[in-house]
Structure formats: structure tokens, C-alpha cells
Amino acid sequence: MKLSVYAVPDSVADKALKDKIAVVIDVLRATSTILAALVNGCKEVIPAVEIEEVINMSKNYEKDSYLLCGERNIQAIDGFHLSNSPLEYTAERVSGKTLLMTTTNGTSAIKKAVDAREVIICSLTNVDATADYLASQDNDVVFICAGTDNKFSMDDVIAAGAVISRLSDKVENLDLDDLAVVAMSMYRSSSDDLHNLLKHSLHYKRMMEAGLEEDIRYCLTLNSAPIVAVYKDGVIKTIHKVLK
Ligand code: MLT
């Protein structure tokens, strides 16, 4: 099994996803929020790139069956029901609903993975479930880190490293590209205190300045959303829930 890590979605070469499983990661916060919503019983999440796109899509849904969700540059979007804080996506708010979501980097990274054989939604909050699922498949895997404004973001690469580290305990003959090796060794050397490493990253600092410390704490809690989630035909759904 070949594992490749891309630091930002724009660095994914044409055809690089063909026949591969893509694992899309935006730890702070889009994929953590999507997984929190799914684990709390939302029906599905539909990612979109533009705010307008979300508003137009909502016209196809019954009132009360959907929520408008997301952010721009960390801030809530005027007129939307929920921001991009995973802590807002409680069972009371999201159960049974379709979430129409746009975020600055994360939702477009998901949509860019569409040429892959299968697209998995990953964050630190589901690393065990994701690694177990990938280990049960035969395909090569491409990790696509959402990054921040098309720049490398440490939190995403650390999450890729966490999954790769687990895979290396489960699968023989893994073939890692250079960034996969770096991701795994970065994760292994900092796994007992991720905050201490990630506090130096741009998006972590921006979130701290915005008073979002609780969101960071949630997003860096390993396996708090133990599900496997797949993006297929424009929709993100849970395909497997780990029983506790
Ligand atoms: C994004 O998609 O850019 C992020 O999830 C930003 C955030 O809300 O922290």
C-alpha cells in the first residue's frame, strides 16, 4: 500500500487520485466539525465552496429540514444557523438535519478530492476509525491536507501522521512518500503533547486570538468522533460507527 501526503490541495497533481482512496483533513476545524455533526446524528453534510451556493441549495429543502453552516475567515456567516465551531453541533441542534456547509479551506479541499475512488473525511477526532478502515482496504491512499489559505498547516499534517503511524502497526510493506515519513515522525515525536507543538501554527494562533480555545481543545482530542465518514455523490455520510 502506497501512502502519499499532500501539504495543500493545490499540490495534488492531475490524475494523482485515480484509483486511490483520498483522505481529506482539516483539523482546525472543518473536518472536526463535520465529524462532530455526524456523530451527533445529523442526516448528512453537503459541502460547498461558495456562500451563494449554500443559499441556492437551501431552496431545494423543506424549511426545518436543513441548517446553513460554516464560516469565513473563522467568523460566523451572517444569516447562517451555525458557525464552524464543533461545539455548536450538538444532537439537539443537528439531529436528523441536512447540513449545507461552506468553510474557507476545508469544504473546497473535500470537493477537490472528487476524482478519487473513495473520499474519507478525517481529523484527529477519528484517527483510529480511519486507520482501521484504511487497513481493511487494498488501495493506495492519498492524504490531502486542507492547509490554511493554500499554505501548509501543521495540524493537518500531524493528523495524517497519526493515521500513518497506526497503519504502520497494522499493514506490512507500506510505501511512504517523503511527506508521509515526515508526518509520521512529527506525530510520533509530539503525540503526548500536541498542543505544545501546534501552538506555533498560524491557524492555532488565530483561533486563540479569536477566543476559540475550547474548539481547539475539542479538535485535538483524539478519537472523540469514532466514525468513518465518506463523501460520495456530493454528500458526506457516516459509513461506520465504532461501538464503544
Ligand atoms: C477552514 O475551512 O478554513 C477552517 O475550517 C477554518 C475555521 O473555521 O477554523
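Ligands are counted one by one from 1 in listed order, and the atoms in each one are counted from 1 as well.
Of all heavy-atom pairs between Glu71 and Arg29, the closest is CG-NH2, 4.2 Å.
Contacts with ligand 1 closer than 4.0 Å are made by no heavy atom of Thr33, backbone or side chain. If you look at Asn84 next to ligand 1, the close heavy atoms, those under 4.0 Å, all belong to the side chain. The part of Glu71 lying near ligand 1 is the side chain, judged by heavy-atom distances below 4.0 Å.
Under 4.0 Å is where a charged nitrogen must lie from a carboxylate oxygen, and between Asp26 and Lys112 no such pair does. Salt-bridge formation is detected for the pair Asp128/Arg166: a Lys NZ or Arg NE/NH1/NH2 atom is positioned less than 4.0 Å from an Asp or Glu carboxylate oxygen.
At distances below 3.5 Å, not a single donor-acceptor pair connects side-chain atoms of Thr103 with backbone N or O atoms of Gly70. Although no hydrogens or angles enter the test, the distance criterion places no donor-acceptor pair under 3.5 Å between the side chain of Asp156 and the main chain of Cys145.
Atom OG of residue Ser165 and atom CE of residue Met184 lie 6.5 Å apart, to the nearest 0.5 angstrom.
In terms of polar-atom proximity, defined here as any N/O pair under 3.5 Å, Ile74 makes no such contact with ligand 1. Taking distance alone, with nitrogen or oxygen atoms compared against 3.5 Å, Met207 stays at or beyond that limit from ligand 1.
Close approach of ligand 1 to Ala30 is summarised as follows: ligand atoms under 4.0 Å from at least one heavy atom of the residue are 2 (O), 5 (O). Atom numbering of ligand 1 starts at 1 in the shown order; those under 4.0 Å from a heavy atom of Thr103 are 1 (C), 2 (O).
When hydrogens are left out, the protein atom nearest atom 9 (O) of ligand 1 is His203 NE2, 2.7 Å; that is the closest non-hydrogen contact. Atom 3 (O) of ligand 1 has as its closest protein heavy atom Asn105 ND2, 2.7 Å.
Using the six-membered ring where Trp is involved, Tyr204 and His195 have ring planes that are perpendicular, over 60° apart on the 30 and 60° scheme.
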